[in-house]
Amino acid sequence: MSELKYCNFASRDELDSALAADVAAQLNAAIARRGEASLVVSGGSTPLKFFARLSVQPLPWEKVVITLADERWVAPDHADSNERLLREHLLVNAAQAARFVPLKTAESRAEQAETALAEVLASLPEFDVVILGMGADGHTASLFPCAEQLERGLDLESTAACIAVQPTTAAHQRMSLTLPRLLQSRRLIVHITGAEKKAVLDKALREKDERKWPIYAIAAQRDVPVSLYWSE
């Protein structure tokens, strides 16, 4: 049985360094056991310095597969693309040898790519580490409380690995991994910074409503070890 483990740091630099070392250790251990490792990361500004530190960690990156928890349905070179963010900040230095699996395809609409992407995701093993962020509205990945697709994304009985999502409070259509696919992981990490987001998470844990606060579905589940990495 799992419960949320708190890892609080005095500064963001300390958090980024500790998280990079932790993730690298997890990946190295997976490679030692199975000869490969898989990592899921999220976009946004919060993980940028963590990505920089992780990209120089000593491990056999050619044995690591990296994909995203979600993606905006924009071209890979678009300013808002998570793929572009990864290519500029994580898939560099030693980590450029890793295999990257994108979530954006050539289809004009995200829903047109659900089936093909589900097949790609099905070919990947159980994830070793999934790192998730959280928005001020409590969304994680692209499981937004405002989106009509939320219930489908949270459905633990669903076999869907990913769903197209249209948030009403954010730009761009999205592709998001579903809750059941995110939980096909050996380790979950929620990475947030600042007092505002910590207050949102605390409120989500108090109110215990995953449809109002989707992050609660991650923090409260008891199947996969989950850690909160936080600093002011």
Whether the [X] and [Y] side chains hold a donor-acceptor pair (N or O, under 3.5 Å, no angle test) is what I'd like checked.
{"X": "E148", "Y": "Q166", "answer": "no"}
{"X": "R152", "Y": "T178", "answer": "no"}
{"X": "S176", "Y": "D70", "answer": "no"}

Task: Candidate pair L156 and L183, rule side-chain contact (heavy atoms from CB on, under 4.5 Å), full reasoning - done: CA-CA 9 Å; L156 289 174; L183 294 182; 3.8 Å; yes
Under the ring pair (Phe, Tyr, Trp, His ring centres under 6.0 Å) rule, what pairs show up with a residue in [range], not counting sequence neighbours?
{"range": "residues 205-232", "answer": "F9-Y229"}
{"range": "residues 67-89", "answer": "H78-H172"}
{"range": "residues 94-134", "answer": "none"}
{"range": "residues 132-167", "answer": "H139-F144"}

Can you list the residues that meet the salt bridge (Lys or Arg N to Asp or Glu O under 4.0 Å) rule with [X], with sequence neighbours excluded?
{"X": "R99", "result": "none"}
{"X": "E83", "result": "R87"}
{"X": "K5", "result": "none"}
{"X": "D202", "result": "K198"}

Open item on the list: I'd like to know if the side chain of Q173 reaches the main chain of R72, judged simply by a donor and an acceptor atom lying under 3.5 Å from each other, with no hydrogens or angles considered.
Closed with: no
TODO: Enumerate the residue pairs fulfilling salt bridge (charged side-chain N to carboxylate O under 4.0 Å, His left out) with a member in residues 42-66, sequence neighbours excluded, ordered by first and then second residue.
DONE: D13-R53
Open item on the list: Check K203 with D209, please: is the shortest side-chain N to carboxylate O separation under 4.0 Å?
Closed with: no
TODO: Before accepting this row, confirm whether a basic side-chain N of the pair R186/E126 lies closer than 4.0 Å to the acidic partner's carboxylate O.
DONE: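 Looking at R186 and E126, the cut-off is met.
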Task: Sequence neighbours excluded - side-chain hydrogen bond (donor to acceptor under 3.5 Å, both in side chains) pairs with any residue from residues 23-34 - done: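 Counting only pairs at least two positions apart or across chains, the side-chain hydrogen bond (donor to acceptor under 3.5 Å, both in side chains) contacts touching residues 23-34 are R34-D128.
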Task: Hydrophobic cluster identity match, L15 and V56, side-chain contacts under 4.5 Å - done: no
- [ ] Indicate, with yes or no, if V165 and V74 share a hydrophobic cluster defined by side-chain heavy-atom contacts under 4.5 Å among Ile, Leu, Val, Met, Phe, Trp and Tyr.
- [x] no
Open item on the list: Going by side-chain hydrogen bond (donor to acceptor under 3.5 Å, both in side chains), name the residues that satisfy it together with E88, two or more places apart in sequence or in a different chain.
Closed with: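 Only R84 meet the side-chain hydrogen bond (donor to acceptor under 3.5 Å, both in side chains) criterion with E88.
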Open item on the list: Once side-chain hydrogen bond (donor to acceptor under 3.5 Å, both in side chains) is applied, do any residues pair with Q112, and if so which ones, sequence neighbours excluded?
Closed with: S108
